[in-house]
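Below is one structure, written out as structure tokens; the observations come after it.
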Amino acid sequence: MFDFRSDTVTMPTQAMRQAMASAEVGDDVYGDDPTVNELQDFAADMFGFDSALFVCSGTQANLLALMAHCERGDEYICGQQAHNYMFEGGGAAVLGSIQPQPLTNQADGSILLSDIEQAIKPKDIHFAQTRLLSLENTIGGKVLPQEYLANAQQLAFNHNLKIHLDGARVANAAVAQGTSIANITQYFDSVSICLSKGLCAPVGSILLGDERLINKATRWRKMLGGGMRQAGVLAAAGKLALTEQVDRLAEDHANARLLASLLAEMDEFNVEPVQTNMVYCDYLGEAQGNKPLKQLAAELAKQGFVFSVAKKLRLVTHKDISEQGVRQFVDALKQALC
Ligand SMILES: *Cc1c(COP(=O)(O)O)cnc(C)c1O
């Protein structure tokens with residue numbers, strides 16, 4: 001089976017399963033789990049932060065960051081397409097009493113700095129207090145330019161805002177640019193990173209920040225029910241995600257480019273340029289008298305090729321889809337279309 005829905009479907013590697021089986025553990029709520037502590041120290045060092053916190057999901061990492069930066073009645077600026085605005089259940093508003101101020105994402109995923117500047121509220125009792133700028137990299141598979149990040153950091157600093165990165169796939173952004181992750185995270189006060197997407201760990205994300213922020217986040221994590229006990233079983237796989245899976249992402253990107261180029265040869269698809277591990281395209285087949293996308297997806301699913309059907313097709317490459325898998329998928333697609 002080849003599952004193109006997301007890189008979240010990746011299975012842990014054999015090395016991860018072995019490390020999990022033999023991990024030294026303790027009660028992490030007491031701070032006693034040596035494997036969790038090792039992962040947190042390693043991550044803080046690798047990404048250039050004082051402190052790191054191992055949490056159960058990217059959603060929780062983002063929520064903890066928002067709640068640690070902002071108080072009740074504060075506001076964070078983010079993109080209309082931001083995961084922590086669109087796809088996290090409104091957690092910041094529901095659980096943090098923090099108001100989002102979403103702004104238009106440009107075609108390249110960025111938010112215009114002039115839009116951000118205009119949206120920052122003056123000190124006035126009518127307004128929520130703008131505290132935080134939250135960016136996402138990659139966003140929709142797109143990499144934000146380093147110069148943009150530097151300018152965004154400067155803008156945040158000038159207006160006394162903190163700046164957070166939803167870096168669920170920041171490792172993809174780093175590999176695509178041939179740079180280190182730390183070179184991207186240097187512009188931010190806090191960063192969340194998913195270990196369980198392209199990096200293949202079964203569970204877990206990392207939140208990075210200074211000691212004060214991580215202490216606050218650790219308190220909120222406990223309140224949200226996210227204090228885990230012998231979590232070293234998970235952290236053991238998480239460490240291997242950082243040491244063994246980052247460079248490998250280049251293969252996912254190459255496979256995404258291959259998939260895009262093969263689809264671009266077909267009249268039925270209009271393919272967007274690929275930057276990382278996501279291929280976006282429009283299906284034109286139905287308008288050309290071919291079968292509807294839903295039917296196509298159902299037929300391919302029977303052959304073991306799974307993808308989600310939305311307005312645009314999004315196909316995600318990852319460890320468990322080989323170059324061979326990409327070619328087989330495109331062959332099956334061609335067969336189903338004729
Ligand atoms: C997946 C994702 C998250 C949330 O991660 P979960 O572990 O699924 O909660 C946050 N931000 C972005 C950009 C993501 O892609």
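For ligands, and for the atoms within them, numbers begin at 1 and follow the listed sequence.
Taking CD of Q154 as the reference point, atom OH of Y187 lies at 11.5 Å (rounded to 0.5 Å).
Within the structure, ring-ring contact (aromatic ring centres under 6.0 Å, His included) contacts touching residues 60-117 (residues at least two apart or in different chains) are H83-F87.
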When you look at S190 and H164, which way does the side-chain hydrogen bond (donor to acceptor under 3.5 Å, both in side chains) test go after all the steps? CA-CA 5 Å; S190 60; H164 171 72; 2.7 Å; yes

Tell me, with the steps shown, if T130 and Q101 meet side-chain contact (heavy atoms from CB on, under 4.5 Å). CA-CA 9 Å; T130 315; Q101 169 61 73; over 6 Å; no

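Protein residues with a heavy atom under 4.0 Å from ligand 1 are S57, G58, T59, N62, H83, E88, E136, D166, A168, R169, C194, K197.
Taking the six-membered ring for Trp and the full ring otherwise, F4 and F305 have centroids separated by 6.0 Å or more.
Counting heavy atoms from C-beta on, the side chains of Q106 and I111 never come closer than 4.5 Å.
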